[in-house]
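See below for the structure under consideration.
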Amino acid sequence: MALDLLSRYYPRYHSNELILLAEDIWKWINNELPEDSSALIYLKSIYNSPTEALTAVWKEILLITGSFTAFRRN
């Protein structure tokens, strides 16, 4: 749902590498990537599981949004 909202209301950020990575991870979770897919091979070379991959992306998003939140407070 969050990816859909980004694509609809923030198209500039939807093409961000982090969002593209999140979309590939989501496809991995839903078994939508073929076993010979380069995206799946790449993901499996970095992460041990889809859960680990999703957690890493979520931490990165929190890190980025934390910077914006801190900036807005000043």
Side-chain angles (χ1 to χ4, degrees):
M1 187 169 93
L3 296 174
D4 288 340
L5 288 173
L6 277 173
S7 67
R8 189 172 305 143
Y9 298 108
Y10 301 98
R12 178 174 162 216
Y13 296 106
H14 184 255
S15 63
N16 183 292
E17 290 175 8
L18 188 59
I19 301 304
L20 296 175
L21 178 63
E23 287 178 339
D24 284 343
I25 293 168
W26 190 247
K27 289 176 186 175
W28 185 17
I29 290 170
N30 291 317
N31 295 318
E32 295 174 5
L33 294 173
E35 283 299 319
D36 61 346
S37 163
S38 60
L40 184 59
I41 292 168
Y42 173 75
L43 289 170
K44 286 183 173 183
S45 73
I46 296 174
Y47 304 108
N48 294 323
S49 69
T51 306
E52 180 186 348
L54 196 58
T55 302
V57 168
W58 182 246
K59 286 180 182 179
E60 188 69 26
I61 290 171
L62 290 177
L63 201 103
I64 292 169
T65 57
S67 300
F68 288 122
T69 306
F71 179 73
R72 292 180 82 202
R73 287 187 205 148
N74 293 329

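The shortest non-hydrogen separation linking I25 to L54 is CG2-N, 4.0 Å.
Residues satisfying the side chain to side chain contact (heavy atoms under 4.5 Å, CB included) criterion with I41, sequence neighbours excluded, are absent altogether.
A side-chain hydrogen bond (donor to acceptor under 3.5 Å, both in side chains) check over residues 29-44, counting only residues at least two apart or in different chains, returns the pairs E35-K44. Residue pairs meeting the side-chain hydrogen bond (donor to acceptor under 3.5 Å, both in side chains) criterion with at least one member in residues 46-59, sequence neighbours excluded: N48-E52.
The distance from the CG atom of L33 to the CH2 atom of W28 is 9.5 Å, given to the nearest 0.5 Å. I29 CD1 to D24 CG: the interatomic distance, rounded to the nearest 0.5 Å, is 11.5 Å.
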